[in-house]
Amino acid sequence: MTIKEIKENKKQFLPLLLLADEQEDMIDRYLDRGTMYVLDDDGVKCECVVTDEGNGVLEMKNIATEPGYQGKGYGKALLDFVAAAYKGKYSVLQVGTGDSPLTIPFYEKCGFVRSHRIKNFFTDHYDHPIYEAGMQLVDMIYLQKNI
């Protein structure tokens, strides 16, 4: 298993990026200014994009694992890599996600704690309703972890 930074042609991973953020123009808002990593284990299994949000905060803007490989530790391995790579350069790693029973427990298991909420984020910023686990996502829930 190797993790490498992608500096060019980040859009080649668009199908994987769209698993975590299903509207391309929203991805376009952070893809160029973010640092992208892919986890390769006999093929790309997982990707993430992180951005500098200022004041020592690094934000995980996108993290996605190929559906057939979810639940096998690839996402956690990528999160752990990012936390270790940026330790000492940033004090907080944060992630914003929908209030979903699929994603919130994953981040909490990885050591993140709830920080704050942005009301109506998904309904205000996406051109269609976003559903996960049969629930419409409305608010953005932010979770943070000290690194």
Side-chain angles (χ1 to χ4, degrees), residues 1-116 118 121-122 125-135 137 139-147:
M1 178 172 63
T2 60
I3 296 172
K4 60 186 175 186
E5 181 179 347
I6 304 299
K7 295 184 180 199
E8 298 177 348
N9 303 318
K10 295 175 185 178
K11 284 262 186 134
Q12 70 181 305
F13 299 99
L14 188 60
L16 195 50
L17 289 160
L18 287 167
L19 288 177
D21 194 344
E22 62 183 68
Q23 190 167 302
E24 188 173 351
D25 70 329
M26 293 297 284
I27 293 169
D28 290 339
R29 294 180 182 193
Y30 56 79
L31 191 58
D32 285 340
R33 72 180 181 95
T35 303
M36 180 180 218
Y37 297 98
V38 296
L39 182 152
D40 189 303
D41 189 18
D42 290 324
V44 172
K45 303 293 191 278
C46 191
E47 65 73 29
C48 74
V49 178
V50 295
T51 59
D52 180 340
E53 297 301 309
N55 298 320
V57 176
L58 182 71
E59 185 167 336
M60 180 79 55
K61 289 288 193 181
N62 189 308
I63 182 167
T65 302
E66 287 287 353
Y69 297 95
Q70 292 174 359
K72 301 188 183 314
Y74 290 117
K76 183 175 184 334
L78 198 49
L79 277 174
D80 290 346
F81 167 84
V82 167
Y86 289 91
K87 186 180 177 96
K89 299 173 188 145
Y90 293 85
S91 55
V92 172
L93 177 59
Q94 79 176 8
V95 62
T97 189
D99 196 1
S100 164
L102 296 179
T103 55
I104 300 286
F106 166 74
Y107 290 115
E108 290 175 336
K109 186 177 175 185
C110 291
F112 287 80
V113 295
R114 291 175 190 241
S115 167
H116 60 284
I118 297 178
F121 180 86
F122 291 98
H125 292 91
Y126 286 80
D127 64 12
H128 63 284
I130 307 289
Y131 290 90
E132 191 167 295
M135 296 173 45
L137 303 183
D139 298 343
M140 174 82 80
I141 309 299
Y142 275 91
L143 298 99
Q144 296 184 335
K145 174 180 179 172
N146 292 328
I147 56 174

- Task: Please step through side chain to side chain contact (heavy atoms under 4.5 Å, CB included) for the pair Lys11 and Asp28, ending with a clear verdict.
- Result: CA-CA 9 Å; Lys11 284 262 186 134; Asp28 290 339; 2.8 Å; yes
- Message: Donor-acceptor check, side chain of Asn62 to backbone of Ala20, threshold 3.5 angstrom: yes or no?
- Response: no
- Message: Contact between Phe106 and Val95 at the side-chain level, heavy atoms closer than 4.5 Å - yes or no?
- Response: no
- Task: Determine, step by step, whether Val49 and Phe13 satisfy the side chain to side chain contact (heavy atoms under 4.5 Å, CB included) criterion, reporting the C-alpha distance in whole Å, the side-chain angles of both residues, the deciding distance to 0.1 Å, and the verdict.
- Result: CA-CA 11 Å; Val49 178; Phe13 299 99; over 6 Å; no
- Rounded distance [0.5 Å steps], CG in Asp40 versus NZ in Lys45: 7.0 Å
- Measure the shortest side-chain to side-chain distance between Ile63 and Tyr74 over non-hydrogen atoms and say whether it is less than 4.5 angstrom. no
- Validation row: Asn55, Glu53 side chains within 4.5 angstrom (heavy atoms): no
- Going by distance alone, is a donor N or O of one side chain under 3.5 Å from an acceptor N or O of the other, for Asp41 and Tyr69? no
- Parallel, tilted or perpendicular: rings of Tyr107 and Phe112 (30°, 60°): perpendicular
- With a 4.5 Å heavy-atom cut-off, do Glu59 and Tyr142 have their side chains touching? yes
- Looking at side-chain heavy atoms only, is the closest gap between Asp21 and Lys61 below 4.5 Å? no
- Task: Could you tell me the separation between the CG atom of Leu143 and the CG atom of Leu93, rounded to the nearest 0.5 Å?
- Result: 10.5 Å
- Task: Answer yes or no: are there more than 12 heavy-atom neighbours, outside Glu5 itself, under 6.0 Å from its atom CD?
- Result: yes
- Query: Looking at side-chain heavy atoms only, is the closest gap between Val50 and Tyr90 below 4.5 Å?
  - Reply: no
- Query: Can His128 and Glu22 be counted as having a side-chain donor-acceptor contact under 3.5 angstrom?
  - Reply: yes
- The reported gap from CD in Glu47 to CE in Met36 (rounded to nearest 0.5 angstrom) is 4.5 Å
- Approximate separation, where rounding is to 0.5 Å, of Gln94 CD and Thr51 OG1: 8.0 Å
- Query: Which atoms form the tightest heavy-atom contact between Ser100 and Pro105, and what is the distance?
  - Reply: O-CD, 3.7 Å
- Once you round to the nearest 0.5 Å, how far does CE of Met60 lie from CG of Leu78? 6.0 Å
- Item | Sidechain-backbone polar pair: Glu132 side chain, Leu137 backbone, donor-acceptor under 3.5 Å | no
- Query: Tell me the salt bridge (Lys or Arg N to Asp or Glu O under 4.0 Å) pairs involving residues 92-103, sequence neighbours left out?
  - Reply: Asp99-Arg117
- Message: Looking at every heavy atom in both Ala64 and Leu19, which two are closest together, and how far apart are they?
- Response: CB-CB, 4.0 Å
- What do you reckon, is NZ of Lys4 surrounded by more than 12 foreign heavy atoms closer than 6.0 Å? no
- For the student: nearest non-hydrogen atoms of Phe122 and Met140, plus distance: CE1-CA, 3.9 Å
- Supply the atom-to-atom distance Ile118 CD1 to Asp139 CG, rounded to the nearest 0.5 angstrom. 9.5 Å
- Task: With sequence neighbours left out, write down each residue that passes side-chain hydrogen bond (donor to acceptor under 3.5 Å, both in side chains) with Thr97, or none if nothing qualifies.
- Result: Thr103
- Do the side chains of Asp25 and Asp127 get nearer than 4.5 Å, heavy atoms only? no
